[in-house]
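Note that the numbering runs from 1 along the sequence shown for the chain. Since we're looking at a predicted model, the values are computed, not measured.
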Amino acid sequence: DFIALLKYKRTEEGGRKTPAHSKYRPLVKFPELLPWTSGEQIFIGKDIVFPGDTVKGEITILSVEAFKEKLFVGQHFIFFETPEKDLGTGEILEIINKDLERK
């Protein structure tokens with residue numbers, strides 16, 4: 001649905017203890033929007049991302065209808081496994097699914 005720059009926290013910062021593989025599906029939270037959703041991350045140019053890495057990824061979200069016309073380039077989000085454990089942050093670089101693009 002969109003391309004994002006993903007910044008994974010280092011383990012010491014509370015991030016993952018193990019690497020994430022392409023097609024990893026954490027929860028995604030846009031701080032100013034509800035609901036949360038799940039978003040598959042397909043890494044661009046890598047199969048594995050280690051804690052502390054930054055990578056571009058194509059994100060496919062589960063709740064497309066909930067985010068219709070609400071996303072924009074430059075928008076930031078958080079990805080996590082549980083609400084208490086943020087694993088990293090992302091920034092939208094390009095919106096592929098134009099139904100999601102804020103008008």
Exercise. Do Ile42 and Lys23 come close enough that some side-chain heavy atom pair is under 4.5 Å?
Worked result: yes

Exercise. Are any non-hydrogen side-chain atoms of Phe77 and Leu33 less than 4.5 angstrom apart?
Worked result: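 Counting from C-beta outward, Phe77 and Leu33 never come under 4.5 Å.
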
Quick check: closest heavy atoms across [X] and [Y], and the distance to 0.1 Å?
X: Gln41; Y: Pro26; answer: NE2-CG, 3.6 Å
X: Glu81; Y: Tyr24; answer: OE2-OH, 2.6 Å
X: Pro31; Y: Ile78; answer: CG-CD1, 4.4 Å
X: Phe80; Y: Lys85; answer: CB-O, 3.2 Å
X: Pro51; Y: Lys17; answer: CG-C, 4.3 Å
X: Phe43; Y: Val55; answer: CD2-CG1, 3.8 Å

Pairing residues for [X] by the side chain to side chain donor-acceptor pair (under 3.5 Å) criterion, not counting sequence neighbours:
X: Thr37; value: Ser63
X: Glu32; value: Gln75
X: Asp1; value: Asn97

Exercise. Going by the salt bridge (charged side-chain N to carboxylate O under 4.0 Å, His left out) test, which pairs reach into residues 48-74, not counting sequence neighbours?
Worked result: Lys46-Asp53

How long is the straight-line distance from [atom2] of [Y] back to [atom1] of [X], given to the nearest 0.5 Å?
X: Lys9; Y: Leu87; atom1: NZ; atom2: CG; result: 8.0 Å
X: Ile3; Y: Ile59; atom1: CD1; atom2: CD1; result: 8.0 Å
X: Phe79; Y: Tyr8; atom1: CZ; atom2: OH; result: 4.5 Å
X: Thr89; Y: Leu5; atom1: OG1; atom2: CG; result: 8.0 Å

Exercise. Does the Ser38 side chain pair with the main chain of Leu27, one donor and one acceptor, at a distance under 3.5 Å?
Worked result: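 Side chain of Ser38 to backbone of Leu27: no pair is present.
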
Exercise. Any donor-acceptor pair under 3.5 Å linking the side chain of Thr60 with the backbone of Glu40?
Worked result: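 Such a contact is absent between Thr60 side chain and Glu40 backbone.
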
Problem set entry | Which residues share a side-chain contact (heavy atoms from CB on, under 4.5 Å) with Glu91, sequence neighbours left out |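 Only His76 meet the side-chain contact (heavy atoms from CB on, under 4.5 Å) criterion with Glu91.
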
Problem set entry | NZ/Lys103: more than 12 non-hydrogen atoms of other groups inside 6.0 Å | yes

Exercise. For Lys7, does the NZ atom sit with more than 12 other heavy atoms under 6.0 Å from it, leaving out its own atoms?
Worked result: no

For this session: Examine Leu6 and Ile95 and state if one hydrophobic cluster contains both, with Ile, Leu, Val, Met, Phe, Trp and Tyr joined whenever side-chain heavy atoms are less than 4.5 Å apart.
Result: yes

Exercise. Do the side chains of Ile44 and Ile92 join up, straight or via other hydrophobic residues, at under 4.5 Å, putting them in one cluster?
Worked result: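 Hydrophobic grouping puts Ile44 apart from Ile92.
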
Problem set entry | ring-ring contact (aromatic ring centres under 6.0 Å, His included) partners of residues 47-75, not counting sequence neighbours, each pair once |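 Non-adjacent pairs meeting ring-ring contact (aromatic ring centres under 6.0 Å, His included): Phe30-Phe67.
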
